[in-house]
Amino acid sequence: MDKKFIPSQVEERIYEFWEENSLLKAKNGKPFTILMPPPNANASLHAGHGMYTVEDILIRYKRLRGFSSLWIPGTDHAGFETQYVYEKHLAKQGKSRFDFNRQTLYDNISKFVKDNSGLIYSQFRKLGFLADWKRSVFTLDKNVLETVLGTFTKMEKEGYIYKDEYIVNYCTHCGTSLSELETVHVERKDPLYYLKYGPFVLATVRPETKFGDTAVAVHPKDRRYKKWVGKEIEVKGLLGRFKIKVIEDEMVDMKFGTGVVKITPAHDPNDFEAGKRHGLEVKRIINIDGRLNELTGPYVGLKVKQARMKVVEDLKIKGLIEKIDENYAHSVTVCYKCGRDLEPTIIPNWFIKVKELKKPVIGVIEKEKIKFFPKRYKKQILQWLKVMHDWPISRQIAWGIRIPVWYLVKDNENKIWISFIDKNREFKKGTIGQYLDKSHSLSEIKQGLQQVTVPIYKREKVKYVVSVKEPQDGQDWIQETDTFDTWFSSGQWPLVTLSKEEYKTRFPTDVMGTLADILPFWVSRMVMFSLYVKKEIPFKNVYLWSKVVDSKGQKMSKSKGNVINPIDLVNRYGADAFRASLIFGTGSGGNVPLAEEKVIGMRNFANKIWNIGRFIWMNRSVILSETKDLLRMRDSNKLRDSSAKPQNDIEKALKNLQKEFAEEKKKYLRFMDSYKFSQALGLVYEFLWRRFADYYIEELKSRLNTLGLTPRIGSELKEELRTGKIRVLDELQNVYFENLKMLHPFIPFVTEAVWKVFKGENSSILLERLKS
RNA sequence: GAGCUCGUAGCUCAGCGGCAGAGCGUUCGAUUCACAUUCGAAAGGCCGAUGGUUCAAAUCCAUCCGAGCUCACCA
């Protein structure tokens with residue numbers, strides 16, 4: 001054995017051993033199953049992925065406890081995220097997604113993902129993860145598509161899916177709508193404009209939307225404006241005079257501004273709701289490219305911000321601005337990805353009605369059929385479920401699972417809007433009828449297709465069918481271009497990962513471990529889909545781990561320059577040290593600070609484990625080789641008298657050691673079974689280092705020394721004590737071995753390396769059992 | 001506005017009714033000994049504040065102060 005444990009010399013070999021000897025696969029026993037949260041297929045390992053260690057700990061622990069533990073990995077296509085990355089990549093080449101038709105864009109991204117995937121699995125291997133890589137599932141695999149499309153079809157048939165023109169947060173830069181959860185609210189100061197509006201003055205931060213106003217609202221209790229309610233007022237505006245209705249609505253805050261609000265249903269979520277309540281016209285004046293449209297007269301084509309400046313300027317000239325509050329602080333909704341202001345926009349979207357679907361979810365969580373660790377997340381998810389509203393599942397991006405809806409072309413030529421690149425590589429946009437008439441064939445359109453938009457028509461709806469393949473009925477159909485929100489497919493992760501056989505024995509799975517951040521996005525939806533499709537919970541326990549932050553508790557980000565590359569740490573200090581540093585001394589929830597000093601500390605711990613083994617190994621080998629001699633000299637009476645007392649002391653110490661160990665183990669099992677990994681590791685750390693090494697070994701050494709013995713090599717070993725010493729080492733060794741097993745889930749490499757020293761190259765601690 | 005969490009050693013945080021703890025850092029000391037990636041020792045604390053429950057409170061309850069997160073709203 002080397003003086004030091006050198007991870008880089010053994011880790012790779014050990015991992016290969018596990019892999020070659022099928023130790024990554026499930027063995028016989030009672031099933032224990034974890035589905036790995038799928039990282040983005042094109043991702044590379046970041047510090048946060050290190051927390052997957054928690055799942056590896058469970059897998060290894062359960063294996064040692066005799067379970068048939070199975071960890072199934074996978075990767076996610078991560079629609080929006082990936083397309084975003086890819087578009088940045090395109091931008092570097094001076095291109096954009098609009099230069100390609102949909103299919104080509106999809107194929108290019110697909111290739112991009114393939115080229116960049118696989119990296120993260122090799123990094124996971126470096127961390128020692130005992131997952132069955134051969135079983136990896138990708139969220140665009142055939143069987144996943146079947147399930148996901150099947151669920152959609154079922155939901156549509158049963159009335160849980162509807163299409164609606166709804167106001168959604170739309171990022172004009174990223175070109176897609178976002179769910180509420182994908183938005184970020186930031187506090188900001190913007191000018192608040194007080195506009196003269198007929199007989200009123202009203203305050204707004206968005207004067208450029210005034211062309212879309214279809215009412216003015218006041219509070220029902222506001223006496224100041226009572227006489228106007230229900231009447232039309234005449235307003236002088238930038239485009240001339242117009243009449244507008246005054247309505248009353250509780251949403252108005254009498255104290256804010258002048259107590260009068262303009263209602264712009266097409267461009268504000270609250271106004272949209274108000275518009276619904278009062279049956280107002282939805283007048284859209286900003287297109288989805290973020291520019292004002294022809295209804296705004298001279299402002300057509302301007303982007304929102306430019307338009308605002310121009311409108312304000314013109315209003316000033318006309319004397320229509322009373323005052324401007326330059327320091328108005330409010331919060332703005334921005335894109336979580338690019339940080340730009342979101343434009344509340346009306347676009348046709350596919351929705352899932354969640355009112356009925358979420359009821360059983362709340363039920364199983366309240367009844368604790370699914371348990372949360374730490375417990376407080378139960379409250380959080382329940383709170384979130386209560387406010388959960390219908391889920392928009394359409395995304396206007398190419399990289400994803402295309403929604404299996406086909407629109408009938410016939411009779412709808414003027415209702416289906418398309419954009420495509422024609423055979424002369426020209427970009428075309430308009431209704432499908434416009435082009436079919438002009439010698440563009442449907443197949444040409446389909447080939448160059450970028451986007452299909454079918455607005456909601458109240459009277460004559462556009463006929464569509466839900467079908468995975470194009471309907472073969474001789475009629476012309478064109479498929480929806482929207483794709484599913486990534487969470488729609490990853491929400492079905494527990495439904496696509498196991499084999500048919502395994503659904504009988506391994507479902508519900510045992511533990512779902514994930515970052516607390518995605519509790520609402522992912523966990524609640526997995527439960528929802530599972531209860532809907534399988535009438536069964538998808539997992540029994542949810543373990544929420546914490547965010548990995550830097551040593552000062554700051555979130556890691558490139559701009560702050562505090563990003564720590566985990567592989568770097570692994571290369572320098574070993575996978576064990578990295579893993580343990582994420583677990584040791586960390587609490588439940590919040591953040592896990594990752595500091596190099598801590599990794600070093602854990603490296604030292606791994607080395608300590610190694611050296612305790614080395615001590616036992618060196619002395620044991622000596623004894624074994626000399627046992628014969630020693631036995632022959634048993635009757636020697638030399639030192640007999642003086643040996644009596646220390647011998648008894650050693651016996652006593654051993655008894656204490658056994659007692660302490662029994663207590664340690666009992667506690668350990670309790671901690672492990674209640675997912676208190678940090679405490680379990682801390683316990684063994686304390687026991688092995690502070691008690692076993694610093695106290696018992698040191699004590700024994702010094703007592704042997706008082707007899708003129710050093711527990712060292714060959715000739716220096718005095719025979720008189722051998723009987724006692726053999727026992728000493730035997731007992732030390734057993735306690736040590738048990739502790740190796742207990743530590744193995746946390747620091748698999750060093751424990752396995754030591755094991756192999758004692759039991760041979762072909763042995764593995766993973767084949768051992770940790771008994772109660 | 002609502003909910004949740006956290007204030008414990010210089011730093012990062014465990015502990016969550018029964019002697020105030022760990023890692024890192026600091027100071028002093030040891031060294032042919034399994035390990036200097038080591039060992040021994042020390043300094044460092046009104047456990048955010050106040051009140052309550054209790055034989056006993058860092059721990060439970062209430063209020064307050066401070067920090068953070070999430071959700072909702074904001075013309």
Side-chain angles (χ1 to χ4, degrees), chain A residues 1-6 180-181 185 187 190 192-195 202-207 209-210 213 216-217 251-253 255-264 268-271 274 328-333 374 376-384 386-389 516-517 519-520 547 549-553 555 573-574 577 580-581 584-619 676 678-679 681-683 685-686 689-690 693-694 697-698 701-702 704-705 709-713 716:
Chain A
M1 280 178 99
D2 288 332
K3 278 180 91 165
K4 289 174 189 169
F5 173 62
I6 304 165
E180 280 295 328
L181 294 163
H185 303 275
E187 287 289 329
D190 277 310
L192 180 66
Y193 304 95
Y194 285 77
L195 309 183
L202 54 77
T204 181
V205 283
R206 300 205 56 186
T209 62
K210 72 194 299 278
D213 297 349
V216 168
M251 75 177 254
V252 182
D253 179 356
K255 292 188 204 96
F256 186 89
T258 56
V260 186
V261 191
K262 66 194 202 67
I263 304 289
T264 323
D268 181 283
N270 284 307
D271 294 4
Y328 172 59
H330 66 149
S331 100
V332 203
T333 312
R376 70 187 141 92
Y377 285 107
K378 176 189 165 184
K379 269 188 199 166
Q380 230 174 72
I381 194 168
L382 282 174
Q383 193 210 349
W384 188 81
K386 271 172 199 140
V387 299
M388 182 185 190
H389 38 287
D517 283 20
L519 193 68
K547 194 177 277 167
V549 294
D550 76 2
S551 57
K552 293 186 185 108
K555 199 180 160 182
Y573 306 113
S581 73
F584 189 84
T586 59
S588 54
N591 300 330
V592 173
L594 176 60
E596 184 156 347
E597 295 76 36
K598 192 168 174 192
V599 182
I600 291 172
M602 292 299 113
R603 187 266 320 257
N604 296 352
F605 177 54
N607 187 57
K608 190 75 187 178
I609 299 307
W610 174 261
N611 269 292
I612 294 171
R614 186 163 183 256
F615 172 80
I616 295 172
W617 175 252
M618 285 171 75
N619 290 293
K676 292 184 175 166
S678 165
Q679 287 175 62
L681 176 59
L683 181 78
Y685 179 100
E686 176 74 18
W689 199 326
R690 302 277 96 95
D694 290 355
I697 290 184
E698 292 300 325
K701 279 201 306 197
S702 76
L704 294 172
N705 272 325
L709 299 167
T710 47
R712 249 211 309 173
I713 316 299
E716 292 181 31

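Remember, predicted model here, so these are calculated numbers, not experimental data. Numbered from 1 within each chain, the chains take letters A, B, ... in sequence-line order.
Put simply, A:K608 has a side-chain N or O that comes within less than 4.0 Å of OP1 or OP2 on B:C39. At least one side-chain nitrogen or oxygen of A:N604 sits closer than 4.0 Å to the OP1 or OP2 atom of B:U38. Close to B:G15, at under 4.0 Å from its OP1 or OP2, lies a side-chain N or O of A:Q679.
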Polar atoms only, N or O, under 3.5 Å: list the protein pairs with nucleotides 20-23 of chain B and their distances.
from	atom 1	to	atom 2	distance (Å)
B:G23	OP1	A:R690	NH1	3.0

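A search for ring-ring contact (aromatic ring centres under 6.0 Å, His included) contacts involving A:F5 returns A:W610, not counting sequence neighbours. Taking A:Y193 as the reference, nothing meets the ring-ring contact (aromatic ring centres under 6.0 Å, His included) condition, with sequence neighbours excluded. With sequence neighbours excluded, the residues forming a side-chain hydrogen bond (donor to acceptor under 3.5 Å, both in side chains) with A:H330 are A:D190, listed by chain and number. Taking the ring-ring contact (aromatic ring centres under 6.0 Å, His included) definition, one finds that A:Y194 meets it with nothing, sequence neighbours left out. Take A:F256 and apply the ring-ring contact (aromatic ring centres under 6.0 Å, His included) test, not counting sequence neighbours, and it matches A:Y328. Checked against salt bridge (charged side-chain N to carboxylate O under 4.0 Å, His left out), A:R206 has the following partners two or more places apart in sequence or in another chain: A:E208, A:E343.
Between the base of B:U5 and the side chain of A:R376 there is no donor-acceptor pair shorter than 3.5 Å.
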Tell me, for nucleotides 8-13 of chain B in 5' to 3' order, what letter each nucleotide earns: B for a base near a protein heavy atom under 4.0 Å, S for only sugar-phosphate near one, - for neither?
----SS
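Sequence neighbours left out, not one pair with a member in residues 601-619 of chain A passes salt bridge (charged side-chain N to carboxylate O under 4.0 Å, His left out).
Both A:V387 and A:K4 lie close to RNA chain B; mapped to their nearest nucleotides by heavy-atom distance, the more 5′-ward contact belongs to A:K4.
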